[in-house]
Amino acid sequence: MCCCHTVDVPEEPVSIAEITCALRTVRPASYRIETTPDGPALALVMNASPSGRRNAADRIVRLLGEHGLGLDVPNQVDALTEEKVSFAVVRLP
């Protein structure tokens, strides 16, 4: 009789290089990547109108998602648009 078990393999942490690669078409002055004890975090730091910040946040979230990454917050675009704090970058399921 065969018994199959699934083994949880810990995910490799997100690297700053992965984030930088995902955001290579975004002006680096518009965002900041920080190193935290839990891994990298990202903040939108550009000064622009609310709609300009929202467009930039939407683009950043889309580009991260195309690379299997996202921010560890429920509504990524709203969080980046409204706050100038950093949010953890995680692998999407």
Close side-chain approach of [X] and [Y], heavy atoms under 4.5 Å:
X     : Y     : value
Leu42 : Ile60 : yes
Arg91 : Glu12 : yes
Leu63 : Leu69 : no
Glu18 : Cys21 : no

Quick check for you: to the nearest 0.5 Å, what is the distance between [X] atom [atom1] and [Y] atom [atom2]?
X     : Y     : atom1 : atom2 : answer
Leu80 : Ser30 : CG    : OG    : 10.5 Å
Leu92 : Glu66 : CG    : CD    : 11.5 Å
Ile19 : Arg24 : CD1   : CZ    : 14.0 Å

Does [Y] offer a backbone N or O that forms a donor-acceptor pair with the side chain of [X] under 3.5 Å?
X     : Y     : answer
Arg59 : Thr25 : yes
Arg53 : Glu82 : no
Gln76 : Leu71 : yes

Minimum heavy-atom separation for [X] and [Y], please, with both atom names.
X     : Y     : result
Ala56 : Leu44 : CB-CD1, 4.1 Å
Ala57 : Val77 : CB-O, 3.7 Å
Ile16 : Pro40 : CG1-CB, 4.0 Å
Thr36 : Ala41 : CG2-CB, 4.0 Å

Open item on the list: Looking only at side-chain N and O atoms, does Ser49 offer a donor or acceptor that is under 3.5 Å from a partner on Arg54?
Closed with: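 Short answer, no.
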
Open item on the list: Same cluster or not: Val85 versus Val61, using hydrophobic residues (I, L, V, M, F, W, Y) connected whenever any side-chain heavy atoms lie under 4.5 Å apart?
Closed with: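 Same cluster.
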
TODO: List for me each residue that meets side chain to side chain contact (heavy atoms under 4.5 Å, CB included) alongside Ala88, sequence neighbours excluded, and say none if there are none.
DONE: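 If we apply the side chain to side chain contact (heavy atoms under 4.5 Å, CB included) test to Ala88, skipping adjacent residues, the hits are Asp72.
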
